[in-house]
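One structure is given here, and the rest of the page talks about it.
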Number of protein chains: 2
Amino acid sequence: MFAGALTATQSHPVRTRGVPAPSFLPRARQISLFAPEGEIYAQGEQAGALYRIEFGAVRVYRLHTDGRRQIVAFYFGGETFGLEAGRTHSFFAEATVHTGLSKFANAPGELASQELMTLALRSMLHAQEHLLVVSRQSAVEKLGAFLLDVAERQGDLDHIDLQMTRVDIGEYLGMTIETVSRSFSKLREEGILRLHGAKTVEIIQPEKLVLLCK
Amino acid sequence: MFAGALTATQSHPVRTRGVPAPSFLPRARQISLFAPEGEIYAQGEQAGALYRIEFGAVRVYRLHTDGRRQIVAFYFGGETFGLEAGRTHSFFAEATVHTGLSKFANAPGELASQELMTLALRSMLHAQEHLLVVSRQSAVEKLGAFLLDVAERQGDLDHIDLQMTRVDIGEYLGMTIETVSRSFSKLREEGILRLHGAKTVEIIQPEKLVLLCK
DNA sequence: CGATAGATTGACCTCATTCAACAGGTGTGG
DNA sequence: CCACACCTGTTGAATGAGGTCAATCTATCG
């Protein structure tokens, strides 16, 4: 039945917007499937491989000593992740929903290639953007900036598919699930967005949201 | 008299700990001097060059639309900065104190070199570490983690030379100067550190601080 | 040695967190 | 296909940490 989910999801065109397909990497033989909460790699494991998301979504996070989780990035269909500074992973990577990945063995000699450089700089830029969002003062602004980011990456303002729980969003933005929920409600009450279920968001007044968050 | 400050500072050995000298880059002819608040580059300017700090300190920041400043990194003696994702700078770089820099013209063809890759991955890692610090819950923990970072990079726990104002620290950690000051006071009251003037910090109980922040 | 920017401390207030109860939606088994 | 159970999300009230405004102190530089 997960195989069913696979074909069903794949029948949608995989979004590749923003991140070009890593043509410089050897073609992956097959797609690995991950159930929600499924671990892709763990902190301490040997790094080196790259992963391209065919469908689904992934969270990359780290654990604080007090047990709290800090999600440093989400990745969606068409995006590539897995590049890290050291030889071993400093982060955990897990699927947030049913997810299909292409894995690329990354030969160490290839590390200096232009494309990998681009990927590293992109990751750096993303971390800095994330920093700007998290250091934003108000909870509503944080959530708004997050939603705009996701909408842009998914290429559709009218139909954002969150593919993650309020817990995930909270751990990404550095706030509690209650505050996340309240912020959604505030944006809804102000007529900026509409919720169709908890995970499908429609942005009605993008201008207002941009004005608020950018 | 600034020339005097130059020789005086240079008589101290320039710390190169953590960041190897960029031997892969063409030797710089001379050292450029910057007064406190002096602009090194601005957002929108053409990027490409790298800078090595001979003495002094640099802040790299970005402006929010509401005018607030978000400092994304500090750099100290021996460290190299200036690498960015795009062709133009997304950030501003300014000296926080009297600073001397070696500028390296960065030939575009060299972009794929192993050493630049290392620099990019280091920047990525730093941005992610910074994110973890800022998303830490309490103000005292943020400041403690920051001090440990600076102490490690300067290689001396007993004598941290901050080389920046409370405003800078606040804009780096995402809190007000009052909260920064109060956090310093709390750490002092708990006997973890001692202040000799506002910018010279002596960490008396590093274990306690590590326990609190790491 | 005086002027001035930077830093500290206090009082008050706002807003996110915490704790708790409730509602809704999803998935499972009958 | 329906009913129940559980997980997820929402909302409310009380608490507390950090922001804001303001006054005072002090370190540094001319």
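Letters A, B, ... mirror the listed sequences (proteins, then strands); counts begin at 1. Since we're looking at a predicted model, the values are computed, not measured. These values consider heavy atoms only, across backbone and side chains, with no hydrogens, waters or symmetry-generated copies.
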Sugar-phosphate only, base, or nothing, as touched by A:Ser181 at under 4.0 Å among non-hydrogen atoms: base
What I want to find out is whether B:Asp158 reaches B:Arg194 closely enough, with some N-O distance under 4.0 Å, to be called a salt bridge. no
Round to the nearest Å and state the distance from [X] atom [atom1] to [N] atom [atom2].
X: A:Gln163; N: D:dT8; atom1: CD; atom2: P; answer: 17 Å
X: B:Arg188; N: C:dA7; atom1: CZ; atom2: P; answer: 14 Å
X: A:Ile177; N: C:dA21; atom1: CD1; atom2: C1'; answer: 13 Å
X: A:Glu37; N: D:dC7; atom1: CD; atom2: P; answer: 12 Å
X: A:Leu162; N: C:dT26; atom1: CG; atom2: C1'; answer: 17 Å
X: A:Lys199; N: D:dG9; atom1: NZ; atom2: C1'; answer: 10 Å
X: A:Met164; N: D:dC7; atom1: CE; atom2: C1'; answer: 18 Å
X: A:Phe184; N: D:dT11; atom1: CZ; atom2: C1'; answer: 16 Å

Give a yes/no on whether any side-chain N or O of B:Arg166 is located under 4.0 angstrom from OP1 or OP2 of C:dT9. no
Collect all protein-nucleotide pairs involving nucleotides 16-18 of chain C in which both atoms are nitrogen or oxygen and the distance is under 3.5 Å.
from   : atom 1 : to       : atom 2 : distance (Å)
C:dA16 : OP1    : A:Ala139 : N      : 3.0
C:dT17 : OP2    : A:Thr176 : N      : 3.4
C:dT17 : OP2    : A:Thr176 : OG1    : 3.3
C:dT17 : OP2    : A:Thr179 : OG1    : 2.4
C:dT18 : O4     : A:Arg182 : NH2    : 2.7

According to side chain to side chain donor-acceptor pair (under 3.5 Å), does anything in residues 200-211 of chain A pair up with another residue at least two apart or in another chain? List the pairs. A:His196-A:Glu202
Test B:Phe81 against every option in B:Phe74, B:Tyr75, B:Phe104 by the ring-ring contact (aromatic ring centres under 6.0 Å, His included) rule and name the one that passes. B:Tyr75
So which atom in A:Ala57 and which in A:Phe76 form the shortest heavy-atom distance, rounded to 0.1 Å? CB-CD2, 3.8 Å
If you round to the nearest 0.5 Å, how far is CG of A:Leu119 from CD of A:Glu79? 10.5 Å
side-chain hydrogen bond (donor to acceptor under 3.5 Å, both in side chains) partners of A:Thr118, counting only residues at least two apart: none
